[in-house]
A.B. asks: 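Supplied in C-alpha cells, the structure appears directly below.
Just so we're on the same page: letters track the sequence lines, and every chain starts at 1.
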Protein chains: 2
Amino acid sequence: MATIYEVAALAGVSPATVSRVFNGARVSEGKARAVRDAAEQLRFVPNRTARTLRRQNSEVIALVIPDIENPFFTSLARGVEDRAQAAGYSVVLCNTDEDPAKESTYLDIAISENMAGVVLAPASDHSDLHRLIERNRPIVAIDRGTSFEIDGVMTDNRAAGHSATSALAAAGHRRIALITGPEGIETADERLRGWAQVVGADTAHDYVRRANYRVDGGRAAMTSLLEMPEPPDAVVAGNNLMGVGALQVLTGAGRMPPEFGVAVIGDLPFTTLRPTAITRVQLPARQMGVTAATMLIERIGGDTQPARTVVLRNTLVPATPGVRAL
Amino acid sequence: MATIYEVAALAGVSPATVSRVFNGARVSEGKARAVRDAAEQLRFVPNRTARTLRRQNSEVIALVIPDIENPFFTSLARGVEDRAQAAGYSVVLCNTDEDPAKESTYLDIAISENMAGVVLAPASDHSDLHRLIERNRPIVAIDRGTSFEIDGVMTDNRAAGHSATSALAAAGHRRIALITGPEGIETADERLRGWAQVVGADTAHDYVRRANYRVDGGRAAMTSLLEMPEPPDAVVAGNNLMGVGALQVLTGAGRMPPEFGVAVIGDLPFTTLRPTAITRVQLPARQMGVTAATMLIERIGGDTQPARTVVLRNTLVPATPGVRAL
DNA sequence: GTGAAAGCGCTAACAC
DNA sequence: GTGTTAGCGCTTTCAC
C-alpha cells in the first residue's frame, strides 16, 4: 500500500506536493509530472479513509431504502446514483426492510463514516433524525415525509389514490376496493385518503385492506376481498408489488380486467399483461431520485436556504376501454 | 461531534478505557458504566473513519453487481446482506451497469476505503483484480468467473442451458431458439453451449440471438425471431428479464405457451402468468449471496486455504403439459 | 510554488 | 485494569 510519503520520496518532492497534485492545487508542471509518474509506478491509490478523517467528510452518499427488492426503489436508486456519480460522489445503498431499528443503525453508520449526506425513504413516521441533524449532515427525505424540517421529494399520494379510484369509477365500477400499505407509512395512508374521497366511504371501510407492500401481501388481500359475501368489482392496488399480487389472484380466478377493474399506483414491473387494460398511476421514481440527489448535493455544497419539499407529478394512464388484459 | 477524549474527560477515565469499553476489552464494571453514561450524555457515536484508518480495515463489504434493477441481483444482494449483517458487517451496493470502467472505479474505492472485502459479479471476463489481490483484500466472484485464482460461487450454466432446452425438446418442440446474453459474459456463453449440445447446432446458428440481459433486449430478440422465414416454435430465454421481454412479444402476437414453448433460465419476477405453463431453471440467487458472503467472511477472518469454487444446484421445473399460460 | 509540521479520532503496544 | 503515547495517511495552515 503505497502512501504519499513513498510517492514523494520517489518523485523527490514533499508529501504536501503529492497531495496538491491529487487535489488540483497549483504545482509546477515538472514536479506534477514527476509525482504522477511515481504514483503510477507504485500503483498509488489515495487512501480515502485518511482523507475523510482529515477533511471530516467523505464523498459518499448513503441511500437508505425500505426494500431493495422493490423495483420502485431500485429505479429511484438509479436516479440517485446517476446524479451523484456525475457530481463525483459514490452511493452506498442500505436496505432497512421497513425496520426502524435497521434504519437507525444505518443512519449511525452514515454519521460515523462521515458520509457527505443521506437520502432517506423513512421506514416509519417516527424515524429519528436528531443525531444527523445536530451534526449538520445534510439529509433529504424521499417518497415519504418525516416530522423534521428537512428537504423532501414526494409525489402527491392523495391525488394518486384519488385519480386511480376515479378512473375505475368512470369506467363504470361501483364497488371499488383498496389494498393499501401498512398504517403509519405516509404513502399508504395518503393513498387511502384519496380513495376514500372518491368512494365517499371512511377509511375503515370493509373494502379496505392493509398489506405489507409486497407481492404476498397483495395476494392475501385480494384473496380475502374475493371471498367477501359481496365482493368488489374493482380494486386499487396501493403499490406496484401488491398490484402484481392482486393480478396473480385475479387471473387465477379468471376475473380479468376489464370486467374486473384494476388500477395500480406505480408501474407494473416486468408484466406480460397488456398494460393498457390496467389503469396505472405512474410514479416518477427515477426522477425522484435525481431530484433528491440534486438537492442533497446543493446542501452538501453549503446551501442554507429553508427546507424545501418538491412534489413531483404523477401520471394517470387510464385503462383503454374494452381492452382485455390478454 | 463528541470524541473519546470528551467522553473520557466526562467519565474521569483515559481515552484508552473508553476505547476498550466500546471494543469489548476488559474494563472494571464501575468505569464501564461511567463511560457508557458519559457516552450516552454526549450522544457519542464512535468515528469509524478513525478506527478504520488505525486498524487498516473496515467492517464494510462491497457488493459489486452489474444491474441493480435486475431482481436476480437484488435477490442475491439480500443473501449477501443477511449473512454479512449477522456477522457485523455492513454491505454497500455498487452498480456497474455492466461497464468495466465503472467496475474498476468501484474496486479502487473498495481499496481506498480499506473495505474488508469484495463480492463481485464481474462485468466482463477481463475484470482487473490485480490491485485488490496484491493488497490482500479478500474477494469472492459470484455468478460469473474471472481469470484470477479466487474464491467463486457459481451455478452450472451449461447444465442450465442444456436442461432448459431438453425440456422443450421433450415437450415436442423441434425448432428451439435461444436468446442469450452478451458475448464475453460467462453465464451467457455457457448457457449457449448447453443449448448447442441439445440442438446439435453450432453456437452461431440462425436461431441464436445475443441481447443485453434486459427486458428490451429480450423483446427485440424475440421480435426478430418471429420475423424469420421459418420461425422457431420454442425459445429458451437466457435470463429472467429477457424471458419477460420474450413473453411480452409472444403474448402480444398471440403465441402463448404451451403451443409456443418457453423456457426461462432464472425466475420470472412478478409475473402474472400461470408459471406452470413455462419451463424454468430456477437459480439459487439468494443462496449464492449467502454462500459468497460466508466465504468472504472466512477469508476476512484469515482463512488461507487454496481458492475454492462452489457450484450451487439449479432446479429444473418443466412446464406442466397442457397448461395454458393464462 | 514548496516544504515542515500539526492534527483529524481512534487503537494498540507498552508501561505501570 | 488502566493510562500514556505513538502512529494510521492524509490535508492544510504557516513559513519561506
Side-chain angles (χ1 to χ4, degrees), chain A residues 1-36 38-39 42-60 108-116 131 135-137, chain B residues 1-36 38-39 42-60 88 108-116 135-137:
Chain A
M1 283 286 291
T3 71
I4 54 169
Y5 289 93
E6 302 168 44
V7 175
L10 183 57
V13 302
S14 76
T17 297
V18 177
S19 171
R20 290 184 184 111
V21 169
F22 280 92
N23 290 285
R26 249 190 307 286
V27 170
S28 73
E29 186 45 45
K31 299 205 173 187
R33 190 166 46 255
V35 167
R36 266 188 276 272
L42 297 171
R43 299 203 190 190
F44 170 70
V45 178
N47 183 318
R48 288 183 176 227
T49 304
R51 159 189 295 205
T52 300
L53 178 59
R54 177 60 226 239
R55 286 234 194 120
Q56 302 282 53
N57 73 65
S58 75
E59 284 91 48
V60 175
D108 270 356
I109 290 178
I111 292 171
S112 75
E113 297 268 10
N114 287 308
M115 290 188 189
R131 310 165 91 98
R135 284 175 170 77
N136 271 321
R137 288 293 147 188
Chain B
M1 284 287 291
T3 71
I4 53 170
Y5 289 94
E6 301 168 45
V7 175
L10 183 57
V13 300
S14 77
T17 296
V18 177
S19 171
R20 289 182 185 114
V21 170
F22 281 92
N23 289 286
R26 250 190 305 288
V27 171
S28 72
E29 185 45 47
K31 298 206 172 185
R33 191 166 45 256
V35 167
R36 267 187 275 273
L42 298 171
R43 299 201 190 195
F44 169 70
V45 178
N47 184 319
R48 288 182 177 230
T49 304
R51 159 189 296 202
T52 300
L53 178 60
R54 177 60 225 246
R55 286 231 196 123
Q56 302 282 55
N57 74 63
S58 74
E59 284 89 49
V60 175
D108 269 355
I109 289 178
I111 292 171
S112 75
E113 297 268 10
N114 288 308
M115 290 187 189
R135 284 174 170 78
N136 271 320
R137 289 292 147 188

A.B. asks: When the distance from CD of A:Glu113 to C1' of C:dG9 is rounded to whole Å, what number comes out?
C.D. replies: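 So the two atoms are 13 Å apart, to the nearest Å.
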
A.B. asks: Side-chain N or O of A:Thr52 versus OP1/OP2 of C:dC8: is the shortest distance under 4.0 Å?
C.D. replies: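 So the side chain of A:Thr52 is outside the cut-off, no N or O lying under 4.0 Å from OP1 or OP2 of C:dC8.
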
A.B. asks: Output one line per pair: protein atom, nucleotide atom from nucleotides 12-16 of chain D, and distance, for all N/O pairs under 3.5 Å.
C.D. replies:
residue : atom : partner : partner atom : Å
D:dT12  : O4'  : A:Arg54 : NH2          : 3.2

A.B. asks: What's the closest nucleotide to the A:Asn47 side chain, out of D:dC10, C:dC10, C:dT2?
C.D. replies: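 For the A:Asn47 side chain, the nearest candidate turns out to be D:dC10.
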
A.B. asks: CD1 of B:Ile4 versus P of D:dG3: gap in Å, rounded?
C.D. replies: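 Going from CD1 in B:Ile4 over to P in D:dG3 covers 12 Å.
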
A.B. asks: Could you state the atom-to-atom distance from CZ of B:Arg26 to C1' of D:dG1 in whole Å?
C.D. replies: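 For the pair B:Arg26 CZ and D:dG1 C1', the rounded distance is 9 Å.
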
A.B. asks: Using whole Å, what does the distance between atom P of nucleotide C:dC8 and atom CG of A:Asn114 come to?
C.D. replies: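 Rounding to the nearest Å, CG of A:Asn114 and P of C:dC8 are 13 Å apart.
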
A.B. asks: Between A:Lys31 (NZ) and C:dG1 (C1'), how many Å, whole number?
C.D. replies: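 These atoms are roughly 8 Å apart.
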
A.B. asks: Note the angle between the end axes of the helix from C:dG1-D:dC16 to C:dC16-D:dG1, five pairs defining each, rounded to 10 degrees.
C.D. replies: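 About 40°, once rounded to a multiple of 10°.
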
A.B. asks: Atom CZ in B:Arg51, atom CD in B:Gln56: separation rounded to 0.5 Å?
C.D. replies: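 Here the rounded value is 14.0 Å.
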
A.B. asks: At less than 4.0 Å, is any side-chain N or O atom of A:Gln56 found next to OP1 or OP2 of C:dG9? Yes or no.
C.D. replies: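 Yes.
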
A.B. asks: Under 4.0 Å between any heavy atoms, over every strand shown, what does A:Phe22 touch: base, sugar-phosphate, or nothing? Just pick one.
C.D. replies: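 No contact.
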
A.B. asks: Roughly, in whole Å, what's the span from CZ in A:Arg48 to P in D:dT11?
C.D. replies: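 In whole Å, D:dT11 P and A:Arg48 CZ are 11 Å from each other.
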
A.B. asks: Hey, what do you get for CD (B:Glu59) to CZ (B:Arg48), rounding to the nearest 0.5 Å?
C.D. replies: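 Reported to 0.5 Å precision, the distance equals 6.0 Å.
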
A.B. asks: Identify the two heavy atoms, one from A:Thr3 and one from A:Phe44, that lie closest to each other, and give their separation to 0.1 Å.
C.D. replies: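 Heavy-atom minimum between the residues: C-CE1, 3.7 Å.
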
A.B. asks: Taking only residues two or more places apart in sequence, or in another chain, which ones meet A:Arg54 in a side-chain contact (heavy atoms from CB on, under 4.5 Å)?
C.D. replies: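 If we apply the side-chain contact (heavy atoms from CB on, under 4.5 Å) test to A:Arg54, skipping adjacent residues, there are no hits.
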
A.B. asks: Select from A:Ser14 and A:Tyr5 the residue whose nearest nucleotide in DNA chain C is closer to the 5' end of that strand.
C.D. replies: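 Residue closer to the 5' terminus by nearest nucleotide: A:Ser14.
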
A.B. asks: So what does A:Val18 touch, heavy atoms closer than 4.0 Å: a base, only the sugar-phosphate, or nothing?
C.D. replies: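 No contact.
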
